[in-house]
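Computed from heavy atoms alone, side chains included, the values below leave out hydrogens, waters and symmetry copies. For ligands, and for the atoms within them, numbers begin at 1 and follow the listed sequence. The structure displayed is predicted, hence computed values, not measured ones.
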Amino acid sequence: MQRHFLTGAELDQATLAALLARARELKASPLGSDSLTRRVIALIFDQPSTRTRVSFEVGIVELGGHPMVTRSDELQLSRGESVRDTAYVLSRHVAAICIRTGADEAVRELARHATVPVINMLTAGHHPCQALADLLTLQEEFGRLAGLTVAYVGDGNNVARSLAILGGLAGMEVRIASPARHRLLDPPEAAVLMEDPRAAASGADAVYTDVWLSMSDDPRSAQQRRSAFLPYRLDEHLLEVAAPHAIALHCLPAHPGEEITAEVLYGSRQRIWVQAENRRHVQKALLEQLVG
Ligand code: CP
Ligand code: NVA
C-alpha cells in the first residue's frame, strides 16, 4: 500500500523519532543528500502560503529534485476535472504530490487514487508538516520530547489538532485552551482540552498560539472571534505562569497585537523564527522517508 502523510497519525513512534533524527542531520548538512536527484515533486496550492511554499521548494532543490509548483486554478481541476483523474495523471509523472487545500476529503480522495505518496501541506483539519517542525524545535530546545508539556492557546484548529496528534505520539502532554465555541472538534486522544489559558500555560515548557481566523474560516466571523480570543493572547503575562525556561511558539503568519504581542514575537523567549526554518529540514526528512 502506498504510504501517505495526511494527518501524522500514519507514523509510529519509531518512525517519528527516525524522521526527527534525520531532520537534525539534514539541518547540520543542508546539501549533504541527493536523495531526490531528477525526481519531480508536485506542490499544489489552493490557498496562499509563504513558509510552506518556500521551505518545500528550497528543500526539494537541496535534495537534488525539482519542485513543480502549481496553483489549483492553473490545473483542469478548476474546470471540473475530478480529483481522481488528477491523481491518476500526476502519479504517472511525479514522485510525490504535496497539496494545500481547504477540504480534508479532497486530500483523502487524492491519496485513495494516487500511486505516489501524497503529503498534506495544510487543510482545514490538519497541518502535520507544521507539527513536525514544532517537534524538532522543542527537541532542539529541551533535548527530548517525552514528558514535555505544551500549552496551545487560542483557536481549536488544524494546527492545534496536528500538534496534539504528533505531540501525543512523541509522549508530550498537549493542552489546548480555547473558548467553548472554538474548542477543537473530534480531538485526538492525547489532547487535553481546557478553557482557561492561564491554567493551560501553568508550568508548561512551551506556550503556542496561532491566528484567530484561519484560511478556511468564514471571514464574517472575524469580529466575533477577536472578542472571544482576546483573553487567549500570548503575552508576557501568560508566559510568566509557564515554567521559567518556557519558550513561545507560533506557526506564523502572526498578527502582532492580536494573538501574540510584538514583545513576545520578537523577544528572547520566542523560538518562532527557528520553528519556521525547521519546516524545511523536517519536510526534507519526510520526503526522503516517503520517496527517496
Ligand atoms: N505556517 C505555515 O504553514 O505558513 P504558510 O501559510 O506561510 O505556509
Ligand atoms: N490555522 C492557520 C494556519 C496557517 C499556517 C490557517 O489554517 O490559516
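- With 3.5 Å as the limit, one finds a donor-acceptor pair spanning the side chains of Asn120 and Thr123.
- Here atom 1 (N) of ligand 2 lies nearest to Asp210 when heavy atoms of Leu252, Val211, Asp210 are compared.
- Of all protein heavy atoms, the one closest to atom 4 (O) of ligand 1 is Arg51 NE, 2.8 Å.
- Inspection of the Ser33 and Glu288 side chains reveals an N or O donor paired with an N or O acceptor under 3.5 Å.
- In the model, Tyr88 has a side-chain atom that pairs as donor or acceptor with a side-chain atom of Arg84 under 3.5 Å.
- With a 4.0 Å heavy-atom cut-off, ligand 2 is reached by no atom of Asp155.
- For Asp218, the CG atom is densely surrounded, since the number of other residues' heavy atoms within 6.0 Å is greater than 12.
- In terms of N/O distances under 3.5 Å, ligand 1 is approached by Leu252.
- Heavy atoms of Gln47 come nearer than 4.0 angstrom to ligand 1 in no pair at all.
- Between atom 6 (O) of ligand 1 and the options Met215, Arg100, Met121, the minimum heavy-atom separation is to Arg100.
- Closest protein heavy atom to atom 7 (O) of ligand 2: Asn158 ND2, 2.8 Å.
- Look at His127 and you'll find a heavy atom under 4.0 Å from some atom of ligand 1.
- Looking at Cys251 next to ligand 1, an N or O pair under 3.5 Å apart turns up.
- Taking every non-hydrogen atom of Thr50 and a distance limit under 4.0 Å, the qualifying atoms of ligand 1 come out as 5 (P), 7 (O), 8 (O).
- Per-residue contacts place Arg279 under 4.0 angstrom from the following atoms of ligand 1 (heavy atoms of the residue considered): 1 (N), 2 (C), 3 (O).
- Each of the atoms 1 (N), 2 (C) of ligand 1 lies under 4.0 Å from some heavy atom of Gln130.
- Judged purely by distance below 3.5 Å, without hydrogens or angles, the side chains of Thr209 and Glu259 never pair a donor atom with an acceptor atom.
- Between the side chains of Thr52 and Arg279, at least one donor-acceptor pair of N or O atoms lies under 3.5 Å.
- The two residues Ile247 and Leu239 have their closest heavy-atom pair at O-CD2, 4.3 Å.
- Arg71 CZ: 12 or fewer foreign heavy atoms inside a 6.0 Å radius.
- Residue Thr52 places at least one N or O, backbone or side chain, under 3.5 Å from an N or O of ligand 1.
- The distance from ligand 2 to the heavy atoms of Met215 drops below 4.0 Å at these ligand atoms: 6 (C), 7 (O), 8 (O).
- At the top of the distance list for atom 6 (C) of ligand 2, counting protein heavy atoms only, stands Ser214 OG, 3.3 Å.
- In the model, Thr101 has a side-chain atom that pairs as donor or acceptor with a side-chain atom of Asp46 under 3.5 Å.
- Nearest non-hydrogen protein atom to atom 4 (C) of ligand 2 is Leu122 CD1, 3.9 Å.
- Each of Leu138, Asn278, Leu145, Leu166 was scored for a side chain to side chain contact (heavy atoms under 4.5 Å, CB included) with Leu20, with one residue passing: Leu145.
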